[in-house]
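Please read the structure below before turning to the comments.
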Amino acid sequence: MRDDPRSRPNAAESGSRPPRVEPVPGEPAATAAVGSERALFVADYHAGYEAGLRYERGVDVPSRAPDRRERLLSLLERTDPDRLVVCGDLMHSIGDPGGAERGELEVLFESFGADLAVTVVKGNHDGRIETWLADGDDIGATVDVVPGEGVALGDIGVCHGHTWPSRAALESDVLCLGHEHPCVRLEDEVGGSRVERAWLRGRLDPEPFRDRPEYEGVSWLEDADESPPRVVVIPAFNDLVGGTWINVTGQSFLSPFLPAGLAEGEAYLLDGTRLGPYGTV
């Protein structure tokens with residue numbers, strides 16, 4: 001059962017304390033207080049990815065749609081949020097979703113409780129998702145689809161990361177994004193290696209944002225004494241999609257403002273292990 005929303009901190013009660021975006025141990029998801037709501041943040045679900053592999057690469061991989069759905073439903077039960085925030089790429093196809101992909105999402109949303117609100121930030125793979133995943137469809141949850149450049153949810157800005165953030169998202173205390181699918185390559189003493197999904201956290205570096213006219217007047221870009229927002233890059237929820245090996249020299253980041261826009265970025269494994277500065281892991 002959810003606790004009484006009146007007992008949770010809101011902006012007026014929390015004063016100047018920055019919002020805390022807390023990773024769920026062992027999972028590519030985080031929770032945070034957004035006003036009077038508790039929110040669960042995920043990114044890069046990529047529904048229908050297996051169908052995309054067959055179409056794009058001729059690779060036949062059994063669908064993991066039921067596993068993805070159960071993992072997300074288990075997270076919702078575990079964290080009991082009022083709102084689910086998807087930071088882009090809920091679906092995989094860039095155009096309109098195909099039958100298997102749309103079917104996967106319809107089953108997923110029909111599994112949500114009627115009291116769950118959902119915010120979907122459009123990613124570069126989300127096509128025209130707003131034309132069919134909207135209030136009034138026969139789904140369980142109330143859904144709000146917002147542009148990929150993002151919005152502010154309370155003191156937390158959300159965007160997908162494939163384009164420059166909106167001014168509102170950039171003026172928040174924390175900016176959460178996906179798109180990058182950050183991973184680290186870890187090596188052992190005998191030369192073996194493995195790749196694991198990772199969190200990327202730090203603060204925004206003002207330099208790449210200063211000369212962009214849409215950000216004129218943003219206070220932390222003009223006042224050297226004001227701290228820039230913290231930034232949280234969320235690991236991909238879909239464990240098949242690969243990503244950017246953030247600690248491998250020569251790897252190109254996907255976001256137009258990363259890595260130049262990330263100051264003192266550190267990497268963390270899903271289990272919470274702090275790896276330190278991502279470039280020296």
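Values below: every heavy atom of this structure, side chains too, minus hydrogens, waters and symmetry copies. All values derive from a computational prediction rather than experimental measurement.
Residues L73 and L90 are members of one and the same hydrophobic cluster, defined by side-chain heavy-atom contacts under 4.5 angstrom among Ile, Leu, Val, Met, Phe, Trp and Tyr. Hydrophobic clustering (ILVMFWY, side-chain heavy atoms < 4.5 Å, transitive): L254 and L258 are in distinct clusters.
Side-chain N/O atoms of E180 and T244 include a donor and acceptor closer than 3.5 Å. Side chain to side chain, H179 and D89 fail the donor-acceptor criterion of an N or O pair below 3.5 Å. Checked by atom type, the side-chain pair R83/T119 shows a donor-acceptor distance below 3.5 Å.
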Given L116 and D82, is the side chain to side chain contact (heavy atoms under 4.5 Å, CB included) satisfied, shown in steps? CA-CA 5 Å; L116 178 69; D82 304 288; over 6 Å; no
Side chain to side chain contact (heavy atoms under 4.5 Å, CB included) between L170 and F257, worked out: CA-CA 12 Å; L170 208 59; F257 56 91; over 6 Å; no
Could you walk me through whether I246 and L200 pass side chain to side chain contact (heavy atoms under 4.5 Å, CB included), step by step? CA-CA 9 Å; I246 58 177; L200 196 53; 3.7 Å; yes
Apply side chain to side chain contact (heavy atoms under 4.5 Å, CB included) to the pair L108 and L72, showing each step before the final yes or no. CA-CA 9 Å; L108 174 66; L72 183 52; 4.1 Å; yes
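The closest donor-acceptor contact from the side chain of S172 to the backbone of L175 lies at 3.5 Å or more, if one exists at all. When atom types are taken as modelled, the side chain of R230 and the backbone of G202 share no donor-acceptor pair closer than 3.5 angstrom. Put simply, the side chain of Y45 gets close to the backbone of R69: a donor and an acceptor are under 3.5 Å apart. A donor-acceptor pair under 3.5 Å is absent between the side-chain atoms of E130 and the main chain of V145, judged by distance alone.
At most 12 non-hydrogen atoms from other residues, nucleotides or ligands lie less than 6.0 angstrom from CD of E216.
The side-chain contact (heavy atoms from CB on, under 4.5 Å) check on D225 picks up D223, with sequence neighbours excluded. Under the salt bridge (charged side-chain N to carboxylate O under 4.0 Å, His left out) criterion, E196 pairs with R194, not counting sequence neighbours. Listed by chain and number, the residues in a salt bridge (charged side-chain N to carboxylate O under 4.0 Å, His left out) with R167 are E171 (sequence neighbours excluded). Under the salt bridge (charged side-chain N to carboxylate O under 4.0 Å, His left out) criterion, R71 pairs with D67, sequence neighbours left out. The side chain to side chain donor-acceptor pair (under 3.5 Å) search around E214 returns R212, not counting sequence neighbours. With sequence neighbours excluded, no residue forms a side chain to side chain donor-acceptor pair (under 3.5 Å) with E70. With sequence neighbours left out, the salt bridge (charged side-chain N to carboxylate O under 4.0 Å, His left out) criterion links E226 to no other residue. Scored by the ring-ring contact (aromatic ring centres under 6.0 Å, His included) test, F41 finds no partners at all (sequence neighbours excluded). With sequence neighbours excluded, no residue forms a side chain to side chain donor-acceptor pair (under 3.5 Å) with T249.
At least one side-chain heavy atom of L75 sits under 4.5 Å from a side-chain heavy atom of F237. In this structure the side chain of Y215 reaches within 4.5 angstrom of the side chain of P165, judged on heavy atoms. You'll find the side chain of W245 stays beyond 4.5 Å of the side chain of V184, heavy atoms only. Side-chain contact between D144 and V118 is absent, with no heavy atoms from C-beta onward closer than 4.5 Å. The shortest side-chain heavy-atom distance between L177 and V231 falls under the 4.5 Å cut-off. A 4.5 Å side-chain heavy-atom check between S63 and Y49 finds every atom pair outside the cut-off. The shortest side-chain heavy-atom distance between D173 and I156 does not fall under the 4.5 Å cut-off. Between P19 and V174 the shortest side-chain heavy-atom distance falls below 4.5 Å.
Rounding to the nearest 0.5 Å gives a distance of 7.0 Å between CG of N247 and CG of L186. Of the inter-residue distances, the one linking W164 atom CH2 with S255 atom OG reads 7.5 Å to the nearest 0.5 angstrom. The CG atom of D126 sits 8.5 Å away from atom NE2 of H162, with the distance rounded to the nearest 0.5 Å. Separating the OG1 atom in T163 from the NZ atom in K122 is a distance of 12.5 Å, to the nearest 0.5 Å. Rounding to the nearest 0.5 angstrom, the gap separating the CG atom in L76 from the CG atom in L40 is 5.5 Å. Here the straight-line distance linking atom NE2 of H181 with atom CZ of R197 works out to 10.5 Å at 0.5 Å rounding.
When all heavy atoms of G154 and V34 are compared, the closest pair comes out as N-CG1, 3.9 Å. In terms of heavy atoms, A43 sits closest to G178 at CB-CA, 3.8 Å. The shortest heavy-atom contact between L270 and P235 is CD2-CG, 3.7 Å. The two residues C87 and H160 make their nearest non-hydrogen contact at O-ND1, 2.8 Å. Closest of all the heavy-atom pairs between G127 and M91 is N-CE, 3.8 Å. Among all heavy-atom pairs drawn from W220 and P229, the shortest one is CE2-CD, 3.3 Å.
For residues 258-268, the side-chain hydrogen bond (donor to acceptor under 3.5 Å, both in side chains) pairs, not counting sequence neighbours, are E266-Y268, E266-R274. Within the structure, salt bridge (charged side-chain N to carboxylate O under 4.0 Å, His left out) contacts touching residues 237-250 (residues at least two apart or in different chains) are R64-D239.
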In residues 21-32, what donor-acceptor pairs under 3.5 Å come from side-chain atoms, sequence neighbours left out?
unit_1: E22; atom_1: OE2; unit_2: R20; atom_2: NE; d: 2.6
unit_1: E22; atom_1: OE2; unit_2: R20; atom_2: NH2; d: 2.7

